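Data block below; observations after.
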Amino acid sequence: MKLNVEGIHIIEKLGTNIVLDIESNSTHVFDKESLEVLNKIIVAEGEVSNLALSGDEREILEELLSLKEKGMLFAAPAGQVPPLRFQGVKSLCLNVAHDCNLACAYCFASQGDFGGKPSLMSRETGRKAVDFLIENSGKRKLLEMDFFGGEPLMAMDTVKEVVRYGHEQAAKAGKVFKFSLTTNGVLLDQETIDYIVENRISLVLSLDGRKEVNDRMRYTKNHKPSYDLILPGYLELAEKTNDYVVRGTYTKHNLDFSEDVKSFDELGFKHLSIEPAVCSEDTDFALGEGDLERIREEYERLAAFYLERHQAGHPIDFFHFNVDLKAGPCIYKRVSACGAGFEYLAITPEGEIYPCHQFVGQDEFIMGDLDRGIVDQERSEIFRQTNIYSKETCRNCWARYYCSGGCHANAQEFNQDIKKPYQLGCEIQKIRLEMAIFVQVMVSLYGKGQEGDQMQDMSRNDLYTRDKIKDLIQY
Amino acid sequence: MKKHIQTIASGKLQDTKKTGGCGECQSSCQSACKTSCTVANQLCLHQ
């Protein structure tokens, strides 16, 4: 008998042996003895008929085979599923401002203008984007629009008009709009804060953690620090809404980034996130292969902090540890990546259509505009067909059903091919996923009575929980 | 007989071949500038 050992991934941490069965998406914890038997099977490449095992080990093998019978271990690769069917555009990234009032060192958007002339989206173009999304959304009911830039609060008139017009037109078409906004916080005055809260706009609030870390990378165009400028607005928002995540960036300058996450927590923020900077290797803050071990250690520190808080009955919501081991999306979603280029598109202030916000400024990726719609259907189809099966490095990666193939734009930037993922990003992703799975297993094993709290925390940051949908539809 | 393995989650991912694909779940932008959303931390509307 030959067992599918290719579909096994082992995570060993703090004496806990986590075994993932990739094809079935099952998660097990093995003791020392059963892990030894599993390792023997792996060394024998899954061939167990002639394996020399002791009596106890034979019993363990029976236990393993019983899990196999239930489809939870050594599950066979079940073949490819077809690419996600195109069912209409679902989500637009609305770049309402190609301009910014900060000049952050690591900005992927060339300090806001994406390498072009600074510009703001007109209200008319905003309305056209609403019409475009509704007309191209097929039978979908739930539609998303993310205000982005540059700094979207610089085009607040357009934001307000799009929200007003969007709800009005969605109601006529039997759809529901969910709006979100990513901001640097500089223009968060009282009126804007009240507007965002009243209109239930989900927020990504950019802040890099400790004051000195933030101010080193995030400063105004006159090189003035931003921390003290933006913090009061964020704190007020966090008091008034639960629908936000504070998002930091780490670079080579703050490889001790768990301290930055802790600083969010100390300030009272509940929904926390920190991300690696993705930037050209020739900058002094760029992360490199040589930093991976340090990054792993730092995620371990974060995991320890997470579990400590969980056990104390005060769980934190760290976005990237929210992995749902017991459920989660279907296989079609898990293989299909982000949907960029077909169900998720970006619109510039001038109304050009790009596969996503990360491609903006690369003229060869313009797919059409709001007047003509999508003209480059061929490119759209290429994006739809790009999934974990068409990416060689993803096909056999243990993390494929958790990650779904990484960012197309990063692949294009670093390898000039959307089918060749950005390798450093992959390595960090795998480190982070292993830690997330470890944390969730530990919560499952030892967090008795608190798992429900943890899941509740998780759902608070998801736009589409059932409760939220109900809430939205009532709205 | 001593049990050596504890199952934390018994996945049936391949079963969703028959039931999945509605596409109504949240977009999962994976770029770091938008707090990269892996599919693993998303919820399915039907669960």
Side-chain angles (χ1 to χ4, degrees), chain A residues 23-31 33-34 59-60 63 67 71-72 78 81 84-85 87 90-91 108 140 142 144 182 204 245 247 273 275-276 278 319 322-334 338-339 344 358 401-404 406-407 409-410 433 441 444 459 462-465, chain B:
Chain A
E23 290 296 338
S24 69
N25 195 32
S26 297
T27 311
H28 311 280
V29 174
F30 278 43
D31 67 8
E33 292 82 9
S34 53
E59 277 189 9
I60 290 171
E63 200 177 340
L67 287 171
M72 297 193 288
V81 296
L84 205 58
R85 202 158 43 89
Q87 297 171 68
K90 172 164 62 176
S91 183
F108 82 97
R140 291 184 187 285
L142 304 167
E144 301 164 11
T182 300
V204 177
V245 59
R247 183 213 169 280
S273 164
E275 289 271 7
V278 178
F319 189 81
N322 287 343
V323 171
D324 187 353
L325 299 178
K326 294 180 181 169
C330 64
I331 189 153
Y332 298 92
K333 178 72 174 180
R334 287 176 186 264
C338 56
Y344 170 74
Q358 286 266 349
Y401 294 135
Y402 297 92
C403 150
S404 81
C407 172
N410 289 165
L433 277 169
V441 166
S444 212
S459 67
D462 197 283
L463 298 179
Y464 283 169
T465 59
Chain B
M1 192 168 80
K2 185 189 168 194
K3 209 165 171 291
H4 294 270
I5 300 159
Q6 185 170 347
T7 296
I8 304 293
S10 52
K12 297 277 183 199
L13 183 60
Q14 299 302 338
D15 288 358
T16 65
K17 270 184 166 181
K18 296 172 206 147
T19 55
C22 78
E24 285 286 10
C25 46
Q26 185 187 340
S27 292
S28 50
C29 171
Q30 298 195 20
S31 81
C33 64
K34 282 200 178 186
T35 293
S36 59
C37 186
T38 63
V39 288
N41 67 7
Q42 290 201 281
L43 299 182
C44 170
L45 264 181
H46 302 296
Q47 284 161 358

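Given the structure is predicted, the values throughout are model-derived calculations rather than measurements. Reminder, nothing fancy here: chain letters follow the sequence lines and each chain counts from 1. Computed over heavy atoms, backbone and side chain alike; hydrogens, waters and symmetry mates excluded.
Taking A:Glu23 as the reference, A:Arg400, A:Tyr401, B:Gln14 meet the side chain to side chain donor-acceptor pair (under 3.5 Å) condition, with sequence neighbours excluded. In terms of the side-chain contact (heavy atoms from CB on, under 4.5 Å) criterion, residue partners of A:Ser24 (sequence neighbours excluded) are, by chain and number, A:Asp21, A:Ser26, A:Ala75.
Both the backbone and the side chain of A:Phe30 have a heavy atom closer than 4.5 Å to some heavy atom of chain B. Of the atoms belonging to A:Val29, heavy atoms from both backbone and side chain fall under 4.5 Å from chain B.
Put simply, CG on A:Leu67 and OG1 on B:Thr7 are 5.0 Å apart, with the number rounded to the nearest 0.5 Å. Here the straight-line distance linking atom CG of B:Leu13 with atom CD1 of A:Ile331 works out to 4.0 Å at 0.5 Å rounding. To the nearest 0.5 Å, atoms CG (A:Asn25) and OG (B:Ser10) are separated by 10.0 Å.
Between chain B and the options A:Gly71, A:Gly339, A:Gly406, the largest number of non-hydrogen pairs under 4.5 Å is found for A:Gly406. The residue among A:His28, A:Glu33, A:Gln358 with the most heavy atom pairs within less than 4.5 Å of chain B is A:His28.
A:Gly328 approaches B:Cys44 most closely through the heavy-atom pair O-CB, 3.6 Å. Minimum heavy-atom separation, B:Gly21 to A:Gln87: O-NE2, 3.1 Å.
Panel note: side chain A:Ser34, backbone B:His4; a donor-acceptor pair is recorded below 3.5 Å. Checked by atom type and distance alone, the side chain of A:Thr27 never pairs as donor or acceptor with a backbone atom of B:Ala9 at under 3.5 Å. B:Lys3 contributes no side-chain N or O that, together with a main-chain N or O of A:Glu63, makes up a donor-acceptor pair within less than 3.5 Å.
If you run side chain to side chain contact (heavy atoms under 4.5 Å, CB included) between A:Cys330 and each of B:Thr19, B:Thr16, B:Asp15, only B:Thr16 comes through.
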